[in-house]
Amino acid sequence: MADTAPNETIVDNETGTGAKDAMAGVQTLKDNVIKFANDAGDKAKAAAEDGKTRAGGALDELATMLRDAATSVDEKVGDQYGQYARSAADAVANFSQSLQSKQVDDLIDDAREFVKKSPAVAIGTAAAIGFVLARLVKAGLDEPAGDKKA
């Protein structure tokens with residue numbers, strides 16, 4: 001029987017081909033992992049950019065709806081309350097503009113700073129968002145596909 005342990009690589013002592021093959025295999029694996037990580041990072045950034053664009057568009061639409069509603073509020077409740085609606089619309093529009101003007105990396109850095117400064121608020125916000133998402137998913141699963149309310 002051979003004097004080698006079951007898991008040892010047998011190496012041709014003259015050429016060292018077993019060790020060279022193992023090193024080449026390890027390097028190939030490292031290269032593939034790095035490539036995969038870079039591709040995943042690029043895809044995540046592209047998805048984040050798309051999400052940022054969509055969120056900005058949704059915020060712009062919300063600001064428009066608030067401005068439209070302000071006129072109705074003026075007529076029904078009073079000018080003071082209509083002004084509150086216009087102020088809210090302006091705040092949403094400014095936030096949308098700020099969001100759209102920043103790069104994804106800047107937004108991530110801002111989020112990190114916010115979490116460092118206010119961890120309790122960040123955890124509460126994450127819990128609230130998680131709760132809302134869970135309710136939306138549950139509501140979507142509860143309603144059959146063909147069953148729509150009029």
Side-chain angles (χ1 to χ4, degrees), residues 6-9 11 16-150:
N7 291 334
E8 287 183 15
T9 304
V11 178
T17 56
K20 288 179 185 175
D21 289 344
M23 293 294 283
V26 168
Q27 187 59 44
T28 301
L29 181 62
K30 284 182 182 179
D31 292 343
N32 287 339
V33 168
I34 290 170
K35 182 180 181 295
F36 178 75
N38 288 338
D39 289 347
D42 291 344
K43 287 181 182 180
K45 281 188 178 184
E49 190 67 40
D50 183 48
K52 181 185 86 155
T53 301
R54 288 181 184 206
L59 288 170
D60 287 340
E61 288 179 26
L62 177 61
T64 301
M65 287 178 9
L66 287 171
R67 283 191 187 100
D68 293 344
T71 304
S72 178
V73 170
D74 283 342
E75 295 170 2
K76 294 181 181 178
V77 183
D79 291 342
Q80 180 182 7
Y81 296 104
Q83 187 56 39
Y84 291 147
R86 279 189 268 300
S87 295
D90 290 342
V92 170
N94 288 339
F95 178 69
S96 174
Q97 185 178 16
S98 172
L99 178 69
Q100 292 175 2
S101 68
K102 290 186 178 184
Q103 297 296 319
V104 172
D105 291 335
D106 295 335
L107 294 172
I108 291 170
D109 290 341
D110 290 349
R112 283 187 184 136
E113 287 300 316
F114 176 75
V115 170
K116 286 180 185 176
K117 290 179 183 177
S118 306
V121 174
I123 290 170
T125 302
I129 290 170
F131 175 77
V132 169
L133 288 174
R135 296 291 295 191
L136 289 172
V137 168
K138 185 177 185 290
L141 293 176
D142 288 345
E143 183 178 312
D147 195 23
K148 297 198 180 199
K149 295 178 182 177

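Treat the numbers as computed from the prediction; the structure is a model and nothing was measured.
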Next item on the list: Keeping the roles fixed (side chain from S98, backbone from N94), state whether a donor-acceptor pair exists under 3.5 Å.
Entry: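 No: the side chain of S98 does not pair with the backbone of N94.
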Checklist line | Short side-chain to backbone donor-acceptor contact, T125 and V121, under 3.5 Å | finding: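 Pair found, side chain donor or acceptor close to backbone of V121.
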Between [atom1] of [X] and [atom2] of [Y], what distance do you get to the nearest 0.5 Å?
X	Y	atom1	atom2	value
K76	T71	NZ	OG1	11.5 Å
L62	R67	CG	CZ	10.0 Å
F114	D110	CZ	CG	11.0 Å

Looking only at heavy atoms, which two atoms of [X] and [Y] are closest? And how far apart?
X	Y	value
G56	S96	O-OG, 3.0 Å
L66	A89	CB-CB, 3.6 Å
A122	V115	CB-CG2, 3.7 Å
G82	A70	O-CB, 3.5 Å
L59	L99	CD1-CD2, 4.1 Å

Could you check whether atom [atom1] of [X] has more than 12 heavy atoms from other residues, nucleotides or ligands sitting under 6.0 Å from it?
X	atom1	answer
Q100	CD	yes
Y81	OH	no
Q83	CD	yes

Do the side chains of [X] and [Y] get close enough for a salt bridge, i.e. N-O under 4.0 angstrom?
X	Y	answer
R86	D90	no
D42	K45	no
D31	K35	no

Margin query: So T64 and E61, do their side chains get closer than 4.5 Å, heavy atoms only?
Written below: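 Answer no - side chains too far apart.
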Notebook entry, point to check: Who passes side chain to side chain contact (heavy atoms under 4.5 Å, CB included) against A48, sequence neighbours left out?
Noted result: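 Checked A48 against side chain to side chain contact (heavy atoms under 4.5 Å, CB included); matches are V104.
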Checklist line | Sequence-distant partners of F95, ring-ring contact (aromatic ring centres under 6.0 Å, His included), two or more places apart | finding: none
